Each structure stands twice: as structure tokens, then as C-alpha cells.
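Inspection log for the structure reproduced underneath, given as C-alpha cells.
Remember, predicted model here, so these are calculated numbers, not experimental data.
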Amino acid sequence: MTTMEHVERLREHGVPFRSSLDAGRNLVRLALPGVLVHVPLVTLSLAALMLTAGGSAALVDQRFQLIGTSDVALLTWTLVPAAVVLAGSLLVFPATVIIATGHLVDRQVSPVEALRATVRRLPSLLVLLLVAALASGAIWAARAGVLMATDEQWPATVVPAVAACMAMPGLLAVPGIVLHGCSGLGSIHRAYRLTRLRFLPAASTLAFGVVLVPVAATWALDAGLRLLPGPLTTLGWGLAGTLLALSMTPFQAAVVARQFLHCMAWRTEVDDSDLAHGLPDASPPRPVTPRLLPVALLPGLLFSGVVLVNPFGWPEIAETNVTESWTPREFSASSRDRAPELRPFDLQSLHTGRGAHLIVVMDGFQDRSSLLACADSSCRKTSFEWAEPRDAGTRWEAGAAGTRLPDGRLALTTWTAGGFELLTCEATRCVRGSGAVATTRSRPETVGVALAVRRGGGLVVAYAEKDPAGGDQPTHDLVSFVFCADTSCARPERRQVARLDATAYSATDHNLAVAVGPGERPVAARYDPANGQIQVISCLDVACRQPRVTRPVPPVPSNPYDLPWTFGLSMAVRPDGRPVVAYRDLHDQANKLLDCRTPDCARADVRLLGAGDEHHAVPALVLDRAGRPVVAFESREHQRLMLAVCTGSRCESIPVSRNRGGFGNRLAMTVNAEGDPAIAWIDHQIAPPGLSWNLHVTTALNLTPD
């Protein structure tokens, strides 16, 4: 070309479109600096991360996550890869700008020469990076200031967006440094001088090509990969994500290079030699061989392979945000009923229904109980129905107690005038029993109820009410077992088994539990929130004519009028008849497991699971198929959901999920049809403008044997 042909061509408008064509035609050569720098750095970083992650890593929905580290360690592992990528980008982006500039003026620059030229300008590039960091901090500080001043989200979003757009011409400082030898601060001044006559078009072009297009491409890739099955999503992110990351810099560099030369071309007394100023003089680069592709894909192949094969034995977790997938049903105005609602403190229990179904029992204390049925163990498709009939009590009633029947149905309690009845429930409907199971003169919210299935058929109900002989201020509770020959409980047989100090019962906290051990002998446990004592009521025979009460957890001095925010326990009975109880100790608020050595729990060991807090959710307990206790509890230090698996005298706690603020009042857990522990929990956070929350179901897939 003559000395002005490049100038005339680069004066043409349509920089974003022409830059995309340039990057597409020369994509492989423009990506070579990234392959030479990013691929080895990222590969080494991934290898180091995976080798040192240890118990911190987990595969959540077949995606690698660090959920077990402390916040400091997690921040470190967030900053280290970010620092590696930033350090690589400090070399790769300017080198790619040099190569893109060479293509625009018909000068082929090898990636090695481009990287060498970048290294020579590193001091000025570091000054530019520092200025960019300070500008970013100022933008975020301005956003925080606007948010505090207005308490509105839209101005706090608009102000930093406008400020970021105004800072876009600063990107032209990069070619000013690597091509024209400007200093860090001098290159910024020169960049704004270049764009002063066409500031808004230049700023919008750079914002569009450098920020918006890559963000849109990443969003589109993520949305497309979410439609694929789990393993394909992982493999897709490893391969397509790597290609996208390597392709993003060439397109961004092509926009910066063409915009820089476009501004240069519109200056007076400029010719082609000025546009090629600063480009390295070297021999033409070698042809690119197809062997480069496997090298470029090495980080993605390494990461995807490790995630899919899981050679390190990381916990494999499946998690569903049920609130996002649940859609309320529409009710007509003429309907006499209304749809049940999900609310943040309604979680009561979780059960395995027929087949692979999960059923979540919700009871709002001031409303009827309801059933949220999951189509399968993933709980991504749900139905939601009322469990109790319309004439059931709807305000200040005791929470619904329930248990799973052998055929997959549920037995639930419902209160009527003066007593409670039983409901037999499918996933979407409930049938009332034969009549009242027990009557009481106490208010329902002061009565404790728990259910368990008898192996030979029927039910046993643990029932605790105030001693009528105590008058208006009873000092004792009467605990009874109600024996039902079948699930309708047409002929209940009630037997008083204990007279204990009076305590408080709550619809949202379960401090009475019952189970059936070998020989159909019922066992009950009660937690006293006033002093933290646990009483275990066991029976020597099926009819419990000789009950025995032991107190394996002694009381602690406390104020009976200052109850903890949440309290309760969860109990199961091992196949050999020894009960295990999960609870939070009132003395130190730690989550503990009471492991009874004998069926009556006269001798027991207390195992520490993890620190807790009086506001934490009550731990949940199940036995896996091997008969081992599995406990879900909230970690005090790091806002994590923990799962403890106990074998013999040892309990190993593993983090399985993270939350934003708290886990609600309680956790609910069951063993699903595949034998894996499934946990239902509330993820809530109190933040402006109010309470933000979701119901989650988390399933640990490889932590317990079949």
C-alpha cells in the first residue's frame, strides 16, 4: 500500500463490527500469547488448587466448589487464581494488542516478539494497572455513597455504570505504552487527548467491545450449558469455557487496537509509518500447527477430567433451590380455598414418599400444615397442597408431627376441638382417621406430640401434656404412649409412662421424639429448654408396663424465663436397640450426639460435633442403611451446613453447603430412595428491604454406604 492507504482504511467508521471481523479472521494467531502464558499458569494453579484443597472442596451438582475452608482461606483461594490470571493478562493483553495492530497495518508480529516488547514496558504497565485499581475503588466507593444517601438501587447502579463508561478511553493507554513508549500516567493523558473530539463514540465503542460483548457471550454460554445433563455441562465448561476465555482477549484487543489506530488516523499529518510506529521488527511468525489445540485445551481437559472422575474422593453434593422451581397455583376468585404458601419458618420435616419422591412437611404455626411433594429426589419439580382440612385449627396450634409409613404414605397429626386426630397422607392428599387419638384440657401449643411406626403395623404416639392436678400453674408434665393397632388409630390405647418437670413446647421446635426399637419396644426422649436436660423414657416390654426414665444429660443452671431462641432434639434407635440423640447443649450451645451404650441410656457417651449458637437451627438425625448415625447441623464459624457421619466412637463432620445468613429454626433430614441423606433447610438473610430466603434440598451422594 501507499503511505496513506492504511490511514484512509482506518478512518472508516464501524469500529466494533470491523474489529470483530479482524479478530475472527486472525483468531488463532491473536490467541497465541494467551496459549503461551495463560495455559501453563492456569494449569499449574488448577493442579496446586486441587492437590491442596483437601476437605475444603466439594462437587456441587458436578461443579467444583470450595465450601469447607474458612473465610480467610476461601478468600486466599479466590485471590490466588485471580492474581495469576491478572498477572498473565498484564502480559497477554498488551502483546495481543501489538499483534492486532500489526495485522491492521499488514505487519506480522510473532507472539514471542510481542511478549518481549510487553516485558520491556512492564513498569509503565504496572503504573497503569495501579491507576485502574484506584479508579475501580473510587467507582465502588461512589456506588456505596449513592446507596447510603438515596437508599435506592437504580441510582447506585447508574452512577458507577456512567463512571465506568467515562473511564473506557483509558484502555487506549495500553497501545500508547507498548507502541509509543509513553509512561504510565503520560499514556492516560495521551489516550484522553486522542478521544477528546470523539469521546462518546470512542467510550461507547470500547465499553461495547471490551465489556458488554464478552459478558453477553459468557451469559449465553452459561445459559446454553445449563440445558445439558450434568456431565455434559461440566465437560462443556471445561472445553467451551477454555476456548471462550482464550478467544475473549483477541476480540477485546482487536477493538482497542482498531480504536487506537482509528483515532490516530484522524490526526493531521499522519501517514502509514506513524500507524506502524513501535511494532517489533522481526521475521514472519511460523505457521500455526493443529497440535496447538490440545495444548490450548489442557486446563479445561484437566479440570473437567478431575471433576468427572473425582480421583480425590471429594464429597459429591446435589442441591436444589426449591423456592425457585416452585410455582404457586392460580386460584379463581370464586374458590372457597386458597393456595398454601411457602414461608421462611414453616419447615417441619422431610420424608421419603413412594418411589423416589420426597415430601416436605410445612406448618406455619398460625396456619394449616401443607405438603410439598417432589417428583423425584432432585426436587426440581414440585406440587404443593394443604394437608389439613379447612375446619382444622389455623391459629396458635401445635406444629404437625409426622412419620413415614411402610408403604410410603405419611401419618400426620391435626388438631380439633379438645384433642388431635391422625391424617394418612399421599403426596397430594390426606385422609382423616377414625376420630380423636387423645383429648386434652391444655392449650394445643403447650402439648408435645411425636409419632413412630411399629414394625408389626400400627403406630405409637408420644404425648406430653400438663398435669391436670397442678391447677392453673402445673409443675409437672404427664408423658404417655398411645398405641394404635393401625394407621387410622380407631381404638387408641393410652398408657402414662412418666411424670416429669413441666417444660415448654413449641410448634417450631421439636423437643419430644419417639422411636420403636427391637421387640416393638417404644423409646422416647424429651429436651427441657429451661435447663438443657434430656430425659430418655424406655420400656422393658411392648405395652410399656414397666417404663424407665434416665437422665443422661444433666441440667445446667439457667433462667426458665429466658429460653433459647431455638431448641429441640432428634432421635433414632439403632438396630441393636441403643438410642442416639442429636441436640444442642444448653451449656455451651455446641452441637452434640448423645450415643447411648444401653437401650435405656443409663450409660452414654456425648460426642462433640461442632460449635453452635443459641440462634442456630436444631440439628437433624437419621440412621443410614448401615445403621450409622448421620447428623446435619449448622456450623457457627463459617455459615455452612455440616454433615457428621459417626462410626464407632468417631464422628467426622464434612461441609456440604453454604448459606447467606442463617438456616431458619430447624433442619429436616431423611434417607432417600437411593440411600443418601437428603437435608431440607432454609437459607435466609435479613437485608434491605427485608427478609430474603429460599428453601433448599441438599443431598450427599457419596458419604454413606448403601
Side-chain angles (χ1 to χ4, degrees), residues 6-7 9-11 15-16 18-19 22-23 30 33 86-87 89-105 107 109 111 113-136 164-211 249-281:
H6 286 138
V7 173
R9 189 183 66 184
L10 290 168
R11 283 180 176 178
V15 172
R18 298 180 189 279
S19 300
D22 295 337
L30 291 175
L86 182 61
S89 299
L90 193 61
L91 294 175
V92 171
F93 184 75
T96 311
V97 169
I98 294 175
I99 298 174
T101 304
H103 282 296
L104 291 174
V105 295
R107 290 272 297 274
V109 181
E113 291 299 327
L115 288 169
R116 286 175 180 171
T118 300
V119 171
R120 288 193 292 266
R121 301 296 182 183
L122 268 181
S124 297
L125 290 171
L126 287 172
V127 172
L128 182 61
L129 179 63
L130 177 60
V131 173
L134 294 176
S136 300
C165 188
M166 294 298 101
M168 283 292 111
L171 290 169
L172 301 185
V174 174
I177 291 175
V178 294
L179 296 175
H180 289 224
C182 299
S183 65
L185 296 179
S187 65
I188 298 173
H189 177 68
R190 190 169 189 271
Y192 278 90
R193 283 185 60 194
L194 278 174
T195 58
R196 69 178 185 273
L197 297 179
R198 293 178 175 84
F199 183 83
L200 287 180
S204 58
T205 294
L206 292 169
F208 177 78
V210 177
V211 179
T249 298
F251 280 91
Q252 293 170 319
V255 173
V256 171
R258 180 172 277 272
Q259 183 62 51
F260 178 78
L261 295 181
H262 178 74
C263 294
M264 286 280 296
W266 277 104
R267 299 178 67 185
T268 58
E269 299 181 359
V270 66
D271 57 26
D272 287 359
S273 62
D274 295 318
L275 299 182
H277 180 78
L279 290 174
D281 293 323

Do [X] and [Y] come close enough that some side-chain heavy atom pair is under 4.5 Å?
X	Y	value
Phe260	Thr101	no
Met168	Val211	yes
Leu104	Arg258	yes
Leu30	His103	yes
Leu128	Leu185	no
Leu200	Met166	yes
Ser19	Phe251	no
Leu125	Pro94	yes

Roughly how far, to the nearest 0.5 Å, is the [atom2] atom of [Y] from the [atom1] atom of [X]?
X	Y	atom1	atom2	result
Ser204	Phe199	OG	CZ	10.0 Å
Ser187	Ile177	OG	CD1	3.5 Å
Leu194	Gln259	CG	CD	9.5 Å

Of all heavy-atom pairs between [X] and [Y], which one has the smallest distance, and what is that distance?
X	Y	answer
Ile99	Pro111	CD1-CA, 3.9 Å
Ile98	Ala114	CD1-O, 3.8 Å
Pro169	Leu206	CA-CD1, 3.8 Å
Ala95	Leu115	CB-CD2, 3.7 Å
Leu279	Gly102	CD1-CA, 3.9 Å
Ala117	Pro280	CB-CG, 4.3 Å

Q: Please assess Phe93 against Val256 for the test side chain to side chain contact (heavy atoms under 4.5 Å, CB included), listing each intermediate value before the final yes or no.
A: CA-CA 10 Å; Phe93 184 75; Val256 171; 3.8 Å; yes
**Q.** Check: Val210 main-chain N/O paired with Gln252 side-chain donor or acceptor under 3.5 Å
**A.** yes
Q. Counting distance only, does the side-chain N/O of Thr195 pair as donor-acceptor with the main-chain N or O of Arg198 below 3.5 Å?
A. no
Q.
Run the side chain to side chain donor-acceptor pair (under 3.5 Å) test against Arg193 and tell me which residues pass, sequence neighbours left out.
A.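 Scan of Arg193 (side chain to side chain donor-acceptor pair (under 3.5 Å), adjacent residues dropped) gives none.
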(Q) Going by the rule salt bridge (charged side-chain N to carboxylate O under 4.0 Å, His left out), which residues pair with Arg121 if we only count those two or more places apart in sequence or in a different chain? (A) none
